[in-house]
Amino acid sequence: MKELMLGNKAIARGLYEAGVCFVSSYPGTPSTEITEEAAKFEDIYCEWAPNEKVAMEAAFGASLAGRRAFCGQKHVGLNVAADPMFTMSYTGVNAGLVIVVADDAGHHSSQNEQDSRHYAIAAKVPMLEPSDSAEALEFTKLAYELSEQFDTPVIVKMCTRVAHSQSVVELGERNVPIKPYEKNIAKYVMMPANAKKRHPIVEERTTKLIEYAETTPLNRVELGSSEIGIITSSTSYQYVKEVFGDSVSILKLGMVNPLPPELIKNFASRVQKLYVVEELDDIFEQFVKSLGLEVHGKDLLPVVDEFSQNMIAKVFNKDVNEGVQLEDNIPGRPPVMCAGCPHRGLFYTLQKNKCIVMGDIGCYTLGATAPLNAMDTTLCMGASISSAHGFNKMLGAQSEGKTVAVIGDSTFVHSGMTALADVAYNQSNTTVVILDNSITGMTGHQQNPTTGFDIKGNPAGKINLELLVKAMGIKRVAVVDPYDLKSLDEVLKQELKVSEPSVIISRRPCALLKHVKHNAPLKVNTEKCIGCKSCMKIGCPAISMVNGKAVVDSTQCTGCSLCSQLCPKGAFE
């Protein structure tokens with residue numbers, strides 16, 4: 001049976017067919033749909049973990065128990081999970097353990113575009129990289145076989161284009177291999193004496209994996225003209241095929257770590273001119289050069305951003321007849337907070353009070369955009385609180401009383417709790433605002449430990465933020481409704497005045513949640529409106545100015561009433 005599938009859904013299908021029993025992940029675009037799709041299979045236990053490190057460790061535990069396990073995250077999530085992953089390379093696995101990391105060349109939804117191949121090289125674990133949905137399914141299944149054959153975690157590397165594009169896959173049956181758990185202190189207890197003995201085993205495994213890479217069908221040669229030979233992988237392979245068809249010779253790498261030196265040298269001997277086409281870093285290119293081969297790569301192609309068939313065609317001076325050229329330039333559509341977003345009132349209030357705002361990762365990062373411009377920095381998950389703490393410790397009275405850290409409820413649980421512990425323990429005069437919108441909003445409404453529901457929507461354990469924050473040593477905790485601008489302003493001013501750590505919980509559900517009931521949309525009384533544009537200061541996409549008067553788009557308006565609280569003439573009714 002065949003089906004048209006997204007790359008991420010194909011990964012999930014591969015998990016099912018490979019007999020995976022345990023899935024633990026943290027949502028992060030472009031990887032999120034893998035775990036969401038896997039959760040639709042009743043035979044697989046699936047969960048959202050508080051962060052990627054916890055997810056990785058839970059998957060290790062499931063593998064140790066003798067059940068095939070999976071952990072998924074985006075590229076920056078692997079930074080968080082790197083600690084257990086590097087040591088898992090030493091311990092090896094019991095049942096197969098596969099890690100998916102989804103890179104985001106082009107910054108579609110990320111704060112950087114790091115190349116995750118470096119992790120596979122540094123941790124000395126195999127990495128497979130599919131180029132379409134069919135390979136995503138097959139490579140996932142094969143990854144479990146390799147994991148158990150070579151006693152190692154295996155990384156499957158996705159990218160935004162492969163994760164979110166569709167192609168046809170062939171469906172198979174589910175097979176569930178189970179292994180018994182056997183206590184093995186020397187293998188699994190990584191105290192220095194044991195770890196020292198495990199390191200040579202990792203090196204021996206790498207040698208065997210290189211031998212495997214030389215002959216595996218994962219790496220294949222497609223012979224065309226001997227004039228040009230191209231080494232490539234993943235979505236870059238698709239672009240090369242679209243530009244050149246069968247007119248050039250291609251070494252398509254599906255196993256991108258470790259790389260096959262003899263296969264590459266043999267391929268190079270069959271072509272007159274050798275090229276490497278790879279997104280982001282020059283990992284293949286430098287390896288090829290280390291073999292003493294002459295090759296062109298980043299001297300022609302960029303080391304930043306994602307590639308496209310048009311870009312490849314331009315570099316090689318080729319025509320792409322299939323490319324669709326638009327006659328008109330499509331205007332940019334920058335992202336904005338949704339109409340009715342509960343974060344809008346908070347950021348308006350912070351901006352009005354001229355606060356220095358340490359931001360975090362979430363849809364609320366859009367508080368940095370015009371007209372609010374209410375954010376000074378965004379670094380990584382949880383960094384807002386830590387940054388504010390360090391900022392205030394250094395500047396003291398210069399920053400205390402006007403510096404605020406903002407962080408979402410899911411991000412707070414992910415990595416903000418330890419940062420708040422730093423504030424409470426070392427007593428910086430820092431005000432933290434937890435933006436509790438009752439969901440993990442940025443990645444598409446996933447549950448988290450503060451919502452009270454699990455990945456399937458069933459009742460689950462729920463963290464009480466107020467009690468948690470107080471238990472961590474924060475004495476001053478206030479809860480506010482961000483739709484109430486007056487109260488919000490009063491609470492913010494009050495907490496900024498005190499000379500001790502404090503937490504404000506800005507609580508209102510995301511406006512896009514299905515269970516949220518909205519008020520009737522507002523409309524503008526044009527006789528009262530004086531065109532002062534006070535309502536435009538909040539940057540609501542439902543409000544515009546037409547002929548000098550404010551106009552509300554009733555299809556977007558949620559009746560949050562922020563605009564009416566700003567209007568000096570009461571024109572919003």
Side-chain angles (χ1 to χ4, degrees), residues 18-22 24 49 51-73 77-101 116-129 139-140 142-157 177-216 218 255-262 283 286-287 290:
V20 170
C21 298
F22 182 93
S24 185
N51 65 30
E52 296 85 358
K53 180 178 184 290
V54 172
M56 187 82 73
E57 293 158 348
F60 172 74
S63 165
L64 197 63
R67 303 301 189 272
R68 286 185 168 181
F70 170 82
C71 174
Q73 60 261 293
L78 191 55
N79 298 337
V80 181
D83 191 2
M85 187 190 73
F86 271 70
T87 304
M88 280 160 45
S89 175
Y90 276 37
T91 65
V93 300
N94 186 18
L97 174 56
V98 170
I99 301 158
V100 160
V101 56
S116 294
R117 290 178 294 174
H118 291 289
Y119 271 114
I121 296 168
K124 299 183 179 179
V125 296
M127 174 180 274
L128 311 184
E129 187 171 20
F139 284 20
T140 300
L142 179 59
Y144 282 97
E145 296 177 19
L146 295 178
S147 177
E148 291 170 358
Q149 178 183 345
F150 291 97
D151 190 17
T152 179
V154 176
I155 303 175
V156 175
K157 176 181 175 292
I178 293 176
K179 292 191 171 187
Y181 165 67
E182 296 178 1
K183 186 171 183 175
N184 189 337
I185 293 175
K187 186 175 191 289
Y188 293 117
V189 180
M190 284 300 96
M191 63 177 85
N194 290 342
K196 187 173 183 178
K197 295 174 183 177
R198 292 297 299 178
H199 191 182
I201 294 173
V202 172
E203 302 303 330
E204 292 168 12
R205 182 182 71 205
T206 299
T207 300
K208 293 176 181 177
L209 282 164
I210 292 172
E211 294 173 358
Y212 175 85
E214 297 285 7
T215 59
T216 175
L218 289 165
M255 186 172 192
V256 297
N257 189 66
L259 293 169
E262 296 304 320
I283 292 173
Q286 290 304 320
F287 183 82
S290 74

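Distance CG/Asn257 to CG/Leu128: 10.0 Å, rounded to 0.5 Å. Here the CD-OG1 distance, from Glu211 to Thr206, works out to 11.5 Å after rounding to the nearest 0.5 Å. Considering CG of Leu97 and OG1 of Thr152, their distance stands at 8.5 Å, rounded to 0.5 Å. The structure places CG of Leu259 at 8.5 Å from CZ of Arg117, a figure rounded to the nearest 0.5 Å. Between atom CD1 of residue Ile121 and atom CD1 of residue Ile283 there is a gap of 4.5 Å, rounded to the nearest 0.5 Å. Between atom CD of residue Glu52 and atom CG of residue Asn79 there is a gap of 9.0 Å, rounded to the nearest 0.5 Å.
Applying the side-chain contact (heavy atoms from CB on, under 4.5 Å) rule to Ala122 yields the partners Phe86; only residues at least two apart in sequence or on another chain are considered. Under the side chain to side chain donor-acceptor pair (under 3.5 Å) criterion, Asn51 pairs with no residue at all, not counting sequence neighbours. Shown here are the side-chain contact (heavy atoms from CB on, under 4.5 Å) partners of Thr87, two or more places apart in sequence or in another chain: Thr91, Met190. Applying the side chain to side chain donor-acceptor pair (under 3.5 Å) criterion to Gln286, with sequence neighbours excluded, gives Asp282. For Glu262, the side chain to side chain donor-acceptor pair (under 3.5 Å) partners are Lys265, not counting sequence neighbours. Partners of Ser116 by side chain to side chain donor-acceptor pair (under 3.5 Å), not counting sequence neighbours, listed by chain and number: Asp103. Residues passing the side-chain contact (heavy atoms from CB on, under 4.5 Å) test with Pro177, sequence neighbours excluded: Arg68, Asn175. With sequence neighbours excluded, the residues satisfying salt bridge (Lys or Arg N to Asp or Glu O under 4.0 Å) with Glu57 are Lys53.
Judged as a salt bridge (charged side-chain N to carboxylate O under 4.0 Å, His left out), the pairs with a partner in residues 198-209 (not counting sequence neighbours) are, in order, Lys124-Glu203, Asp151-Arg198. Every pair tested for salt bridge (charged side-chain N to carboxylate O under 4.0 Å, His left out) that includes a residue from residues 83-100 fails, sequence neighbours excluded, so the list is empty. Judged as a ring pair (Phe, Tyr, Trp, His ring centres under 6.0 Å), the pairs with a partner in residues 183-216 (not counting sequence neighbours) are, in order, Tyr90-His199, Phe150-Tyr212.
Across Met255 and Leu209, no two heavy atoms sit closer than the pair CE-CD2, 4.0 Å. Nearest heavy-atom pair, Pro260 versus Ala213, reported as atom, atom and distance to 0.1 Å: CB-O, 3.6 Å. Across all non-hydrogen atoms, the minimal contact from Phe22 to Ser24 is CE2-CB, 3.6 Å. Between Tyr144 and Ala18, the shortest heavy-atom contact is CD1-CB, 3.7 Å.
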Result block: side-chain N/O donor-acceptor pairs under 3.5 angstrom for residues 58-67, not counting sequence neighbours:
from  : atom 1 : to    : atom 2 : distance (Å)
Ser63 : OG     : Asn94 : N      : 3.3
Ser63 : OG     : Ala95 : O      : 2.6
Arg67 : NH1    : Ala65 : O      : 3.4

- Kindly determine whether Met85 and Ile99 satisfy side chain to side chain contact (heavy atoms under 4.5 Å, CB included), including the steps that lead there. CA-CA 9 Å; Met85 187 190 73; Ile99 301 158; 3.8 Å; yes
- I would like to know whether Met88 and Val125 meet side chain to side chain contact (heavy atoms under 4.5 Å, CB included); could you show each step before the answer? CA-CA 9 Å; Met88 280 160 45; Val125 296; over 6 Å; no
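In this structure a side-chain-to-backbone donor-acceptor pair under 3.5 Å is present from Asn194 to Val189. Side-chain atoms of Glu148 come within 3.5 Å of backbone atoms of Gly96 as a donor-acceptor pair (strictly under, hydrogens ignored). Listed for the Ser89 side chain is a donor-acceptor partner under 3.5 Å among the backbone atoms of Ala123.
At a threshold of 4.5 Å between non-hydrogen side-chain atoms, the residues Pro261 and Ile210 count as touching.
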